[in-house]
Amino acid sequence: MSENVIEAVGLTRRYATGYAVDHISFAVARGEIFGLLGPNGAGKTTTILMMLGLTEVTEGTVRVLGRDPQREPLAVKRRVGYLPDAVGFYDHLTARENLVYTARLLGIAPDERRTRIDDALAYVRLLEVADNRVGTFSRGMRQRLGLAEIIMKQAEIAILDEPTNGLDPQASEEFLDLIRSLKADGVTVLLSSHLLDRVQRVCDRVALFQAGRIALMGTVPELARQVLGGGFAVEVEAAGEGLAKQLAAIPGVSGVETVAPERYRLHADRDVRPDAARAVVHAGGALRRLSVEEPSLDAVYNRFFQTKARQEEGARHAA
Amino acid sequence: MRREGSPWQGLGTVVLKELSDHLSSARMRVLEWLIVLTAFASLYGAIQQVKDTTAEDPFVFLRLFTVARSPLPSFVSILGFLIPLMAIGLGFDAVNGEHNRRTLSRILSQPIYRDALLLGKFLAGLATLAVSLVSLWLLVIGLGLLLLGVPPNGEEVARSLIFLVIALAYAGVWLAVAMLFSVLFRSPATAALIALGLWLFLALLWPMLASALAQVIAPPDLMSIMLGRPSLETLMWQQALERLSPTHLFAESIIAILSPMTRTLGPVFLSQLEGAVIGTPLPLTQSLLIAWPQAVGLIAATILLFVVGYIAFQRQEVRA
């Protein structure tokens, strides 16, 4: 599992107006789901296009499956599937005809074509509408058809650009499930999104983009520890006398905030929920709610850039 | 930096797909009917004219193409006017259409180069035009057989086939123009309007402008003013300017091929008439020699325009 299928070193794309991608380096291991996250215009799509050899690299190198996409784009594109942002199909053709065209471009033999297309359509649950024109498809169905194309291609790496963009919550949840099952089938998935919270649950590791650079990279808990100062925030709702003191006495708790009457927020270096429950009960209090806050990427992202902006401001004042 | 792999990979697939799109599209059907109906009208006029006037003509069949009976123009001048319309209709949304449907980046992420996509679209357009022209040609021959009752002789068939090839080259020029605009302009409507504007300009306005410009560049001298005719220099300039338009090149080469009596496309000099028997047809090879520069000019223009479009497409960003 440690083999890297994508490796970028100092990858840069410069336009006349400035850097779209500014010396980024990252590696994606086989079989993981790697998220390129960040606001629109941060350089995610440009990075993806460079990995496919669809746009020029100004500086640096990128290797996909050990090959240089600038020099051997056909070899790379044969083994990598790409689902562009707001993917389009030929509306006057049926779903199956669209896939047949791609299969022909891939040079899949005619007798194999049919089974592979049917399997792929079944995988994304589009088999019943396979012979309907794509013009009648909803956004979510097109997105799934795009995924079917990647599955038919039997790609080793699936690159998905904003796959849940514009989907309703249910459709995007279904799509994320499909992405998880891709991973279960051994496909490496690279996905980009500006919706941090929605995709953080499927990503093994993420890279946060900001203005053409990777600001942060790692697993979500790692980033949370790094940026949010680490630790857990446990919320306790309980009625009772002197609970704040009791809760503060739990080993590992570094502070207790009284957020509201009978609502406390504990900062701890581990999940102290069992101890908190015990402490409340021990003090004769009535425990109503106990929850631990999952570190959210949105919080990480906002905190990181707030801190950075504050530091920059501080530096300016100092100057 | 050298790229690995063949730029032609996937070319055949693209050609077949585009060809089937063209042949089944409503747009194509409308254009075909437009051409067939107008061509029939002019052909009918020509047949009436031929029946009325011809006594002894070794090339009576070729007259079908060139003879006009007012108010309709001749078959070839109708084609000269309508072929561009058809070619533009097939090519104006070739690349920007893919952009707007957001299919371009998906197709280019398959193992093909952009070369295959652009060339495939061009060849499919050209094949569609060839199919239409050949069927139109067969219709003309068939109708001629039925209504004139005279079979064409070998040379007539050869000449009309050469006409077919030149017409295809002419269609190629306009297809390349339309595809160039489809690369340059993101909106298909803009590309279509500009291509159609260029077509109308070159077909209708340029001949008038060319003679006016020739007058400016080479003003008539005293001799020509006294004779009331343009001087040789003015004529040469006018011809050179007119030949910038593919429509004019097409018309000139068609005259040389389909009217075997044509001896030259420019002014006739006395020295050229020495020993010539006026009104006798030239052999096929000699007619071909007259039309050769024009035909080559059309083919060269096609290649040049395609290459410009190709370079622009290679440099374009694929992202929408």
Side-chain angles (χ1 to χ4, degrees), chain A residues 13 15 20 41 44-46 48-57 67-93 97-108 134-135 142 145-146 149-150 152-153 155 157-159 161, chain B residues 1-29 93-121 124 186 188 311 313-320:
Chain A
R13 172 68 168 143
Y15 291 104
K44 293 169 300 187
T45 302
T46 309
I48 287 172
L49 292 179
M50 285 193 284
M51 287 191 283
L52 289 164
L54 290 180
T55 194
E56 306 250 317
V57 171
R67 292 170 188 272
D68 180 358
Q70 300 291 309
R71 193 182 282 270
E72 301 170 88
L74 297 191
V76 168
K77 289 192 282 188
R78 203 167 287 124
R79 294 164 68 191
V80 177
Y82 173 47
L83 177 66
D85 180 12
V87 65
F89 288 88
Y90 298 106
D91 284 349
H92 61 283
L93 300 180
E97 283 166 348
N98 267 293
L99 289 191
V100 167
Y101 181 42
T102 315
R104 285 213 181 107
L105 288 176
L106 284 163
I108 299 174
V134 177
R142 280 163 202 261
L145 186 57
E149 188 178 85
I150 294 174
M152 177 198 73
K153 199 171 178 176
I157 302 177
I159 299 180
D161 197 357
Chain B
M1 187 164 56
R2 259 194 82 77
R3 300 182 306 182
E4 312 268 325
S6 158
W8 312 127
Q9 174 144 2
L11 179 65
T13 309
V14 175
V15 170
L16 284 179
K17 189 252 170 198
E18 295 294 325
L19 195 59
S20 93
D21 278 1
H22 282 326
L23 293 181
S24 57
S25 70
R27 186 195 300 172
M28 181 70 199
R29 219 153 298 157
D93 64 347
V95 174
N96 49 22
E98 299 269 351
H99 251 302
N100 295 340
R101 272 176 309 203
R102 295 177 163 272
T103 44
L104 189 63
S105 50
R106 187 175 60 84
I107 294 304
L108 289 181
S109 75
Q110 308 307 329
I112 61 165
Y113 280 118
R114 297 184 193 196
D115 313 46
L117 189 70
L118 195 69
L119 190 64
K121 279 175 175 285
R186 197 46 71 85
I311 294 173
F313 184 49
Q314 291 286 346
R315 290 168 170 270
Q316 209 168 43
E317 290 290 326
V318 280
R319 65 188 306 170

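Basis for what follows: all heavy atoms, side chains included, without hydrogens, waters or symmetry-related copies. Sequence lines set the chain letters: A, B, ... in the order given, protein chains first and strands last, and positions in each chain run from 1.
With a 4.5 angstrom heavy-atom cutoff, A/Leu83 does not touch chain B via any of its atoms. Looking at A/Leu54, the atoms closer than 4.5 Å to chain B (heavy atoms on both sides) sit in the backbone and in the side chain alike. At a 4.5 Å heavy-atom cutoff, the contact between A/Asp85 and chain B is made by backbone atoms alone. Only the backbone of B/Ser6 comes within contact range of chain A, with heavy atoms under 4.5 Å apart. B/Glu98 touches chain A through its side chain: at least one heavy atom from C-beta onward sits under 4.5 Å away, while N, CA, C and O do not.
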Derivation and outcome, side-chain contact (heavy atoms from CB on, under 4.5 Å), residues B/Arg106 and B/Arg101
CA-CA 10 Å; B/Arg106 187 175 60 84; B/Arg101 272 176 309 203; over 6 Å; no

Worked verdict on B/Ile107 versus B/Ile112 for side-chain contact (heavy atoms from CB on, under 4.5 Å):
CA-CA 8 Å; B/Ile107 294 304; B/Ile112 61 165; 4.0 Å; yes

Full working for side-chain contact (heavy atoms from CB on, under 4.5 Å) between B/Trp8 and B/Leu119:
CA-CA 9 Å; B/Trp8 312 127; B/Leu119 190 64; 3.3 Å; yes

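Taking chain B as the reference chain and counting heavy-atom pairs below 4.5 Å, the highest number among A/Leu106, A/Thr45, A/Leu74, A/Thr102 is found for A/Leu74.
Looking at A/Arg104, A/Glu149, A/Lys77, A/Arg78 one by one, the single match for side-chain hydrogen bond (donor to acceptor under 3.5 Å, both in side chains) with B/Gln110 turns out to be A/Glu149.
Environment of CD in B/Gln314: crowded, with over 12 heavy atoms of neighbouring residues, nucleotides or ligands closer than 6.0 Å.
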